[in-house]
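To start, the structure itself, in structure tokens.
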Amino acid sequence: LLEGIARICPVSVCFRESLPKREREELLERMRAQGVTVRPSPYLPRLCLLDNVAGVRSLPGFAEGAFWVQDVSSVLAVGSAGIRPGDFVIDVCASPGGKSFLAAERAARVLSRDVSERKAERIRENLERLRMGNVTVQVYDGTCTDEAYLEKADVVLLDVPCSGLGVLGKKRDIQYRVTPQSLSQVAQLQREIVAHSWQYVKPGGTLLYSTCTVHRAENEETVRWILENFPFALEEIGGLPKKLLEQLEEVRGRLNGRAGGADAENAAIREKCVQILPGFMEADGFFFARLRRV
């Protein structure tokens, strides 16, 4: 696991769902002509892994909005939320916007928010390039509750700030900042954001909780805290690629086999959540859980 977390990762790009396969293949051929090594994602055909990339802005198709940068783990998480045509989606911690863009391809309206103008501007820049018109971008602090949207959202995406232990291969400076104290602080921040955002979900609606870490206190332990404190039920996540399901079964078997004491209580939760581990899967370390408001 440690070797997988620390490895240098390729650039992962997600092509627009509406882009014809022929045009996607033409763009990939032009990338190869620039010396870029192209590999398809083993899980989703619309994603490709790129090595030897001098700069993503110089890639064919970037300026025209054919794709954006996003790892397959994050794409799978949004796909598991069950977003349908006509849904209203709130993306609470949205920057740089990949989850909002995926939601916008499926939903009628997306409210894409983050805590600062700098983060919001990154979303707007990508939206302009992608020419998506059904996304509204706002600056809003996730640790505050916006009463205007109570019980208004069919789906709330909560990809909360985290320790980032699943993406050390892309953000190598993280290893110098992580301490027991910082892990405790970020877990507390996550719970504060959940406490102020869960009420946006309509009764019967979906809360998708996710992180880019492998730290249990930020993942299944936080999911257990949500279930104990708010009116949600944990749901099975369906529709995952067959290869990923096989790998997940192996990982769950290892984790449950080593679990003991208090962690054994998380085993039932772990069975319904998805923990992607770099080194075991060809993706960033990522965690997501789908919860239904009851």
**Request:** Let me see the working for R46 and E17 under side-chain contact (heavy atoms from CB on, under 4.5 Å), right down to the final yes or no.
**Result:** CA-CA 7 Å; R46 68 184 291 191; E17 196 169 44; 3.8 Å; yes
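- Side-chain atoms of S112 and D91 form no donor-acceptor pair, as typed in the model, at a separation below 3.5 Å.
- For the pair R113 and Y140, the cation-pi test (distance below 6.0 Å, angle within 45°) is passed.
- No side-chain heavy atom of L111 sits less than 4.5 Å from a side-chain heavy atom of V89.
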**Request:** Please test F101 against R16 for side-chain contact (heavy atoms from CB on, under 4.5 Å), starting from the C-alpha separation and ending with a verdict.
**Result:** CA-CA 9 Å; F101 309 149; R16 293 181 67 117; over 6 Å; no
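- In this model, a donor atom of one side chain and an acceptor atom of the other lie less than 3.5 Å apart for Q70 and S74.
- There is a side-chain donor-acceptor pair under 3.5 Å between T206 and R292.
- Side-chain contact check for E121 versus V137: every heavy-atom pair is 4.5 Å or farther apart.
- Around CZ of R57, the count of heavy atoms belonging to other residues, nucleotides or ligands within 6.0 Å does not exceed 12.
- The pair E221-R224 does not meet the salt-bridge criterion, since no charged nitrogen lies less than 4.0 angstrom from a carboxylate oxygen.
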**Message:** side chain to side chain donor-acceptor pair (under 3.5 Å) for R216 and N219? Distances and angles first, verdict last.
**Reply:** CA-CA 5 Å; R216 291 177 183 173; N219 294 342; over 6 Å; no
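- Under the 4.0 Å criterion applied to side-chain N and carboxylate O atoms, E25 and R30 are not assigned as salt-bridge partners.
- Judged by distance alone, the side chains of S73 and D284 never bring a donor and an acceptor atom under 3.5 Å apart.
- A salt bridge does not link K202 to E151: none of the charged nitrogens lies less than 4.0 Å from a carboxylate oxygen.
- Only one option out of L19, V56, L130 pairs with F67 in a side-chain contact (heavy atoms from CB on, under 4.5 Å); it is V56.
- With salt bridges taken as basic N to acidic carboxylate O contacts below 4.0 Å, none links E29 and R24.
- Remark: the S163 side chain and the H215 side chain contain no N/O donor-acceptor pair separated by less than 3.5 Å.
- Rounded to the nearest 0.5 angstrom, F88 CZ and Y200 OH are separated by 10.5 Å.
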